[in-house]
Amino acid sequence: MNAVSSRPPLTIRMRDEDNVAIVANDGGLPEGTVLPAGVPGAGLVLRDKVPQGHKVALTDLAQGDVVLRYGVPIGYALKAIPAGSWVHERLLQMPSARALDGLPIATVKPPVHEPLTGYTFEGYRNADGSVGTRNILAITTTVQCVAGVVAQAVARIKAELLPLYPNVDDVIGLEHSYGCGVAIDAPDAVIPIRTLKHISLNPNFGGEVMVVSLGCEKLQPNRLLPPGSFPIVDERGADAGPETVCLQDDAHVGFMSMLDDILQTARPHLERLNTRRRETVPASELVVGVQCGGSDAFSGVTANPAVGFCADLLVRAGATVMFSENTEVRDAVEQLTSRAATPEVAEGIIRELGWYDRYLDRGRVDRAANTTPGNKAGGLSNIAEKAMGSIIKSGSSAIAHVLSPGDKLRRDQRGLVYAATPASDFICGTLQLAAGMNLHIFTTGRGTPYGLAECPVVKVATRTDLARRWHDLMDINAGTIADGQSTIEETGWAMFRLLLDVASGRKKTWAEHWKLHNALVLFNPAPVT
Ligand code: CA
């Protein structure tokens, strides 16, 4: 394969004030390339080979000069960098994080967008008013000890029972590593416990709650799901705890009796789920979690801006959009607090990011621990640069609410929400599920086959090269924006329409097609024992 693109050299600058641009061409551009008229840096001769997605200096930079991308400092030159040079991470000193005091509070008046009306999808309405995009039986577990048994029970349910209930999409075990061997009374233990509880109540599970417990674990079923914290849909009274199969029950004699018990318990839940039908509901019932993973320098140029445009469309349609990833917004905290709808929301953002600063500090790291070798190979020099490209996913709406890790959105919490989570793909997705996510958008530049069993994941490629190679893993190619084949607006609209199709079950995502499911990964900042 030709290592160097045959297309004319193309550079992309995000803001007029930026003194670097990134190289868009597949394979990068060789030393000696003359940047043509009409692109940022026109007339410059490249002094180095510059890989795709990497930065080229548009002006001569002296040692100590600020390097601007997205109109903000992403670093300071460690030595003189002549125009036309490759500006890589080893040439930059990262700026320090903005202190969390004296921030602008709710100062930005967000653009007034016309409400979007008339958009609907076909979803499963739940008793609490929420809407599922899938009709899934989820089996809650209290502890990792039961995971193997539940996995075998799920396999038998799929083989023996699911064919009898054609309106049920899937059966899954909510497996996790928590439940015992943990300091369950530590203050921070509330996070994993409420996360598990709230995942059990995700709109895609139809309010059907059944639990498999071991018996001797610290996280007892009644502690996980106290009476009153979940809907009782069967004949049991309101004071009843969750319907539970306890493996240590004396009644269980032999492994098969455990499996039979779980299958027996699952049956009425499947019967009720099977009677449900999709109905037309407004697009405002979407609860969309957005995140990125395996990012490159194109993430913030193509996919994330398209997601941001789509997020604005969703908010205009009355839907809820959650963005997250604490370490990837930390360098943009001023943008967040200034976009907060109210001072209380801004204070909530400061509280969550301050808590996270201290959490990282306990481990003697800071936000800079976020970037991966792949991020850097993809052109992202440091977390300051990555953050600016990440936060674009949130669009331009005012931030209406803030959630702590593991919290569940209330029905009256609509619009753009900052759900404070780590940036880890699995932990972020798990916490967004707990918050009530019924649809997930995931952007990637390096490429990841990420998927969740609990909720459809729409994956967006940042580059055409990735979309071409991973043609049966990526649902949308935002690389066409860099190719000049489509605009951010066109891609954002296509994404919005695809979301309605996927939510309605008219289309499956590639991750659903291949059954690519990552594990639930709980965020447990408390000690283990
Ligand atoms: Ca992530």
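Numbering of residues begins at 1 and proceeds along the displayed sequence. Given the structure is predicted, the values throughout are model-derived calculations rather than measurements. As the structure lists them, so they are numbered: ligands from 1, and atoms in each ligand from 1.
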The N/O/S atom of Glu325 lying closest to the Ca ion (ligand 1) is OE2

Which of the N/O/S atoms in Asp425 sits closest to the Ca ion (ligand 1)?
OD1

Taking the six-membered ring for Trp, is the centroid-to-centroid distance between Phe496 and Tyr119 below 6.0 Å?
yes

So do Val321 and Val290 actually touch side chain to side chain, heavy atoms under 4.5 Å?
yes

Just so I know, are the side chains of Ile199 and Leu174 near enough to count as touching, which here means a heavy-atom distance under 4.5 Å?
yes

Hey, is the Ca ion (ligand 1) within less than 3.0 Å of some N/O/S atom on [X]?
{"X": "Ala423", "result": "yes"}
{"X": "Cys292", "result": "yes"}
{"X": "Gln291", "result": "yes"}

Check this for me: Arg362, atom CZ, are more than 12 non-hydrogen atoms of other residues, nucleotides or ligands nearer than 6.0 Å?
yes

Is the number of heavy atoms from other residues, nucleotides or ligands under 6.0 Å of Lys408 NZ greater than 12?
yes

